[in-house]
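Input: a single structure, listed below in structure tokens.
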Amino acid sequence: MKKLSLVAKIGIGMVLGIIIGLLGSFFSFEQFVIDWIKPFGTIFVSMLKLIAIPLILVSLIDGISNLTDMAKLSRIGGKTLGLYVTTTVLAISIALILANVVNPGAYVSPEKREQLKEQYASQAQLKQDAASGVKDSGPLKLMEDIVPSNIFKAMTDNGNMLQVIFFAVLFGIAMIMTPSEQMKPVKGFFNGVNAIILRVVEIIMKYSPIGVMALLAGLIVETAADASLFVALGVYAVTVLFGLAFMVFVFYPIVLTSFTKIKYKDFFKGMFPAQLLAFSTSSSAATLPVTMERVEKNLGVSEEVASFVLPMGATINMDGTSIHQAISAVFIAVAFGHDLTLADQLVIVLTATLSSIGAAAVPGAGLIMLVIVLGAIGVDPAGLALIIALDRPLDMCRTIVNVTGDATVATLVASSEGELSEGIDPDDLTHEEKLEVQVTESDVEEFK
Ligand code: ASP
């Protein structure tokens with residue numbers, strides 16, 4: 001009998017999680033699900049986060065130290081940043097067109113608006129408080145924050161990925177500049193550790209169907225009470241979902257098929273487990289180890305490119321978040337009776353770009369940064385109360401777009417650098433074939 005693929009197993013985990021969650025809410029055994037099932041999901045997310053920083057550090061040093069040409073590194077950096085900003089601005093523009101055409105804010109009655117404002121006022125206040133630190137910082141704060149003063153401290157916080165990237169790039173460049181005889185053992189060390197970390201990711205992924213099941217079951221029993229809101233805020237939610245789906249099913253396929261030789265079907269098949277995890281965890285950072293594994297192995301992006309482009313993307317490139325911010329800003333503004341001018345819309349493009357860059361790759365971060373977008377167009381940030389209850393399900397969907405956007409840019413950069421090879425799907429290989437691939441890979445390393 002053919003063994004089930006990982007995607008199929010995760011899919012079964014998701015369905016089971018949804019069924020358990022719905023049964024739990026329906027037959028009122030929510031507490032049982034929260035006490036006895038949800039912890040397996042939390043453990044799964046912790047394991048993914050656990051490996052994220054070591055993975056970024058080691059694979060980036062390993063990738064950069066193999067570079068022979070320093071100019072290539074700055075070229076890859078330039079292309080990456082350029083593509084990240086361009087795709088984000090395009091995503092926001094698409095979102096604004098959608099928001100203006102559909103105008104979801106017009107569908108909220110003043111009574112509903114007041115009711116939501118009152119009901120979610122305290123939660124909205126918490127988000128505003130969280131955003132206040134960001135609002136008060138200077139224009140070069142982002143740059144300042146990238147340079148760590150203590151690398152060990154930086155590595156203790158998953159929110160400091162850019163600092164770890166900075167250190168790894170510096171270290172990698174210094175390795176290239178050091179005589180190769182001295183570097184041989186160091187290179188071998190990072191290469192070996194990198195291989196071990198990738199194995200750890202594989203092991204964690206074996207547990208992913210159970211993790212996903214537990215995460216979804218827990219989420220559903222905790223949020224089922226808010227389901228009625230989907231009806232009240234339906235037009236808004238559908239507009240956001242449409243914008244997100246447009247990116248995944250139209251925008252990225254057009255970009256990929258126009259500029260690379262990869263077939264979108266293969267891209268999608270390769271990325272599907274990462275997308276499912278993005279949906280289940282609502283965190284690009286937690287999904288990163290799997291995104292990196294899939295992009296390298298299944299899509300054939302070289303380690304050099306993937307290890308640089310993807311961690312950076314998880315931190316600064318959030319097309320899904322920016323779409324959500326643009327549509328939500330227009331929605332709240334209209335619901336509060338503001339007339340948005342063209343200048344306001346341009347301000348949304350600018351602030352949503354910056355705030356999606358600044359948003360952390362964790363659940364709910366985009367909503368906090370929305371405070372800044374609203375403030376910039378003169379809308380009361382208390383308006384967050386209108387959309388707060390729907391944030392988690394929309395966050396799950398926008399995180400899929402964030403992760404897919406990162407993988408798209410990694411594929412584009414790799415293709416433009418001649419660093420995109422034929423990917424293989426380890427799921428499609430027999431055990432013997434997998435061993436053969438491993439042997440071939442280590443042979444190549446030895447040969448080098
Ligand atoms: N959850 C998103 C991510 O991790 C960020 C957000 O939009 O809240 O990519």
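Ligands are counted one by one from 1 in listed order, and the atoms in each one are counted from 1 as well. As a basis for the values below, the full set of heavy atoms in this structure was taken, side chains included, without hydrogen atoms, waters or symmetry mates.
- For the atom pair CG of L370 and OG of S328, the computed distance is 5.5 Å after rounding to the nearest 0.5 Å.
- Contacts between V362 and ligand 1, counted as non-hydrogen atom pairs separated by less than 4.0 Å, involve the backbone only.
- Considering L288, T399, V403, T287 only, the shortest heavy-atom separation from atom 2 (C) of ligand 1 involves T399.
- The distance criterion of under 3.5 Å between nitrogen or oxygen atoms is not met by A360 with respect to ligand 1.
- Numbered from 1 in the order shown, with element, the atoms of ligand 1 that lie under 4.0 Å from a heavy atom of R398 read 6 (C), 7 (O), 8 (O).
- In this structure, the protein non-hydrogen atom closest to atom 8 (O) of ligand 1 is G366 N, 2.7 Å.
- Taking any N or O of A285, backbone or side chain, none lies under 3.5 Å from an N or O belonging to ligand 1.
- Looking at heavy atoms from C-beta onward, K38 lies out of side-chain contact with L219 at the 4.5 angstrom threshold.
- With sequence neighbours left out, F167 forms a ring pair (Phe, Tyr, Trp, His ring centres under 6.0 Å) with F171.
- Atom CD of E114 sits in a crowded spot, with more than 12 heavy atoms from other residues, nucleotides or ligands closer than 6.0 Å.
- With salt bridges taken as basic N to acidic carboxylate O contacts below 4.0 Å, one links E304 and K72.
- Applying the salt bridge (Lys or Arg N to Asp or Glu O under 4.0 Å) criterion to D145, with sequence neighbours excluded, gives K141.
- No hydrogens or angles considered: nothing links the side chains of S356 and Q325 as a donor-acceptor pair under 3.5 Å.
- At a threshold of 4.5 Å between non-hydrogen side-chain atoms, the residues L244 and I400 do not count as touching.
- Salt bridge D391/R398: present, at least one basic N to carboxylate O contact under 4.0 Å.
- Atoms of ligand 1 lying under 4.0 Å from at least one heavy atom of T321, given by number and element, are 5 (C), 6 (C), 7 (O).
- In summary, the atoms of ligand 1 found under 4.0 Å from a heavy atom of G364, numbered by their order in the structure, are 8 (O).
- Ligand 1 places these atoms under 4.0 Å from at least one heavy atom of D395: 1 (N), 2 (C), 6 (C), 7 (O), 8 (O).
- Put simply, no part of A359 is less than 4.0 Å from ligand 1, judged by heavy atoms.
- Short contacts between ligand 1 and S283, defined as distances under 4.0 Å to a heavy atom of the residue, involve ligand atoms 4 (O).
- Some N or O of A361 is nearer than 3.5 Å to an N or O of ligand 1, by distance alone.
- Nearest protein heavy-atom contact of atom 9 (O) of ligand 1 is S284 OG, 2.4 Å.
- Taking any N or O of M318, backbone or side chain, none lies under 3.5 Å from an N or O belonging to ligand 1.
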